[in-house]
Amino acid sequence: DTGVSQDPRHKITKRGQNVTFRCDPISEHNRLYWYRQTLGQGPEFLTYFQNEAQLEKSRLLSDRFSAERPKGSFSTLEIQRTEQGDSAMYLCASSLGGDKYFGPGTRLTVT
Amino acid sequence: GQNIDQPTEMTATEGAIVQINCTYQTSGFNGLFWYQQHAGEAPTFLSYNVLDGLEEKGRFSSFLSRSKGYSYLLLKELQMKDSASYLCAVRAPTTDSWGKLQFGAGTQVVVTP
């Protein structure tokens, strides 16, 4: 197993465009988390899945953000009508109840 | 409110010891984690404390006092590759928020020759 993977690693988009990120967790990990990290700050929790069920969403996740985990394996995070304030590193993590393992992240730049 | 505080930056010499303090005030507690994060990379797990006391793992040790809302990460025999940001994170109770982590802003450790 190669750990948590995320795609793409970098994304540059113009304000107002939609973007979608993908996360492939460690196989058999039933819990999947999305975090957002801006420069000089720690990661902030966005949302959490247990298998295919989205059990919690942060208030940070406005209605422009949507996340899915359709088959309880990979997950996607979509941002509609991107704004410059969305520029950040988007981190995915997975766990089987214990330690969380983070992916390399997707760095989003909105111009 | 919920708050996790750690110093912004620390500088130490190669071969020395550095102690990174973390204080927390959170609405629930189910363990404290330390992660290392090199610039542009994902956080990597270093240590986990859920009971009071010291956990040692090679050159890294972590201490927890739940009554004081305090933890520290001790890095011994510093190496240049230890230059990174060190993140303190508190895990929420699983009955509440399914183990999500609340992170501090991170402490940038700079190791000099």
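All chains are named by letter (A, B, ...) in the order of the sequence lines, taking the proteins before the strands, and each is independently numbered beginning at 1.
- Around the CD atom of B:Glu14, the shell of radius 6.0 Å holds more than 12 heavy atoms that belong to other residues, nucleotides or ligands.
- The shortest non-hydrogen separation linking A:Gly42 to B:Leu87 is CA-CD2, 3.9 Å.
- Heavy-atom distances place no part of B:Gln108 under 4.5 Å from chain A, backbone and side chain included.
- When the shell of 6.0 Å around NZ of A:Lys11 is examined, it contains 12 or fewer heavy atoms from other residues, nucleotides or ligands.
- Ring-centre distance between A:Phe102 and B:Phe45: not below the 6.0 Å cut-off.
- In this model, a donor atom of one side chain and an acceptor atom of the other lie less than 3.5 Å apart for B:Gln37 and A:Gln37.
- The heavy-atom pair separating B:Ala42 from A:Gly103 by the smallest distance is CB-O, 2.6 Å.
- The local environment of CD in A:Glu78 is crowded, with over 12 non-hydrogen atoms from other residues, nucleotides or ligands closer than 6.0 Å.
- Crowding of A:Arg64 atom CZ: a count of heavy atoms from other residues, nucleotides or ligands under 6.0 Å exceeding 12.
- Taking CG of B:Leu101 as the start and OH of A:Tyr33 as the end, the distance is 7.5 Å to the nearest 0.5 Å.
- How far CD of A:Gln41 is from OG of B:Ser85: 10.0 Å, rounded to the nearest 0.5 Å.
- The neighbour count for B:Phe63 CZ, taken as heavy atoms of other residues, nucleotides or ligands under 6.0 Å away, is above 12.
- By the rule that hydrophobic residues join a cluster once side-chain heavy atoms approach within less than 4.5 Å of another member, A:Phe49 and A:Tyr35 end up as members of separate clusters.
- With contacts defined as side-chain heavy-atom distances shorter than 4.5 Å, the pair B:Lys100/A:Phe45 qualifies.
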